[in-house]
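Following: one structure in structure tokens, then a few remarks.
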Amino acid sequence: MGLRQEFFDRPVLEVARDLLGCELVVDGRARVRIVEVEAYGGEDDPASHAGRGPTPRSRLMFGPPGFAYVYLIYGVHHCLNFVTGPDATAGAVLVRAAEPLSGVVPRPGLALEQTCAGPGRLCRALGVDLAWNGVPVAEDLPGPDRLRLETGRTPRRITASPRIGIRLAVHRLWRFHDRESSGLSRR
DNA sequence: GAACCGATTGCCT
DNA sequence: GGCAATCGGTTCG
């Protein structure tokens, strides 16, 4: 079942957990199962791009839910997020890892399972870059359907932990992953 | 305008 | 385990 905008129009922690097990379809070509995500909040979350109010980059996080937020990190890799919560409130879920189901091109020297194990690897494998920033993800939004999400096999066991690579707000266990997956960025 | 930095990764020792 | 790559965004003067 395709995810609609109302799915994303909820608190970011709920959306993050519910995205685990969902399948991401890219250009109707590649299909992966999401196994690891992180939640990022608004002005109340110092670790978030939206933590100090809206900026040109984080503007999308303050917009309506159901759109992709893509940014470049370390000048090298891209990270894919989905905007959550009602318009004028900031929130987004970072997709950190997924299991390839079909259409993912293997990379030399890297097991297929690991191709999408990490936010940068995932974007590289799926061909997602800055040009994808702002594309609609919810199926009932107008615009191109280059990114789609569908419900999939729900994880049996979900583990919460601190967000990776974040120094602030370490006490917040806002990273969630499918404990039984072999396609995680870390254990 | 300039300086600093990062929600990462892969290659090096 | 250490560290370079590489660039847009953010902050500061």
Side-chain angles (χ1 to χ4, degrees), chain A residues 8 11-20 22 24 26 32 34-63 65 67-85 89-100 104-135 137 147 149 158-178 181-187:
Chain A
F8 302 93
V12 65
L13 291 176
E14 285 183 26
V15 178
R17 268 182 290 248
D18 290 349
L19 276 172
L20 291 179
C22 288
L24 175 63
V26 182
V32 300
I34 296 174
V35 294
E36 177 181 339
V37 297
E38 280 176 3
Y40 288 88
E43 269 119 329
D44 59 324
D45 181 6
S48 171
H49 287 171
R52 274 179 258 189
T55 65
R57 178 176 62 170
S58 65
R59 180 186 76 258
L60 264 155
M61 288 184 69
F62 289 83
F67 292 87
Y69 166 46
V70 182
Y71 65 89
L72 180 65
I73 186 67
Y74 294 107
V76 181
H77 305 287
H78 298 275
C79 292
L80 171 65
N81 301 250
F82 303 125
V83 178
T84 68
T89 73
V93 176
L94 167 69
V95 185
R96 284 197 57 90
E99 297 170 349
V104 175
V105 181
R107 239 167 89 188
L110 197 61
L112 181 63
E113 262 179 347
Q114 300 300 309
T115 306
C116 302
R121 286 180 174 182
L122 178 111
C123 284
R124 173 168 170 179
L126 300 179
V128 172
D129 60 23
L130 284 183
W132 297 64
N133 196 28
V135 302
V137 178
L147 287 178
L149 280 165
I158 293 176
T159 300
S161 55
R163 294 171 288 189
I164 291 175
I166 296 288
R167 297 181 296 187
L168 301 169
V170 177
H171 59 283
R172 294 186 185 180
L173 308 183
W174 283 13
R175 169 182 179 241
F176 305 97
H177 69 269
D178 177 349
S181 174
S182 53
L184 302 169
S185 73
R186 301 200 193 175
R187 271 284 356 127

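Order of the sequence lines sets the chain letters (A, B, ...), proteins ahead of strands, with each chain counted from 1.
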_Applying a 3.5 angstrom cut-off to the pairing atoms, does DNA chain B sit in any stems of at least three consecutive Watson-Crick or G-U pairs? List them by first number._
B:1-6 with C:7-12, B:8-12 with C:1-5
Can you see which heavy atom on [X] is nearest to which on [Y], and at what distance?
X: A:N81; Y: A:A92; answer: CB-CB, 4.0 Å
X: A:L130; Y: A:L72; answer: CD2-N, 3.8 Å
X: A:C79; Y: A:L94; answer: CB-CD1, 3.7 Å

*Along nucleotides 7-13 of chain B, 5' to 3', which nucleotides get a B, which get an S, and which get a -, given that the test is a protein heavy-atom distance under 4.0 Å?*
BBSS---
_Check: A:L80 and A:L24 side chains under 4.5 Å, non-hydrogen atoms_ = yes
*Begin from the C-alpha positions of A:E99 and A:S181 and carry the test side-chain hydrogen bond (donor to acceptor under 3.5 Å, both in side chains) through to its verdict.*
CA-CA 8 Å; A:E99 297 170 349; A:S181 174; 2.6 Å; yes
*Provide the distance between the two C1' atoms, one in C:dC3 and one in B:dC5, to the nearest whole Å.*
16 Å
*Interatomic distance where NE2 belongs to A:H78 and P belongs to C:dT6 [whole Å]*: 13 Å
*Check the side chains of A:T115 and A:R107 for a donor-acceptor pair under 3.5 angstrom, ignoring hydrogens and angles.*
no
*Using a heavy-atom cut-off of under 4.0 Å over every strand shown, decide if A:R175 touches base, sugar-phosphate, or nothing.*
nothing
*Are A:E38 and A:R163 close enough for a salt bridge, meaning some N to O gap below 4.0 Å?*
no
*asked:* Between A:F67 and A:Y69, is the ring centroid distance below 6.0 Å?
replied: no
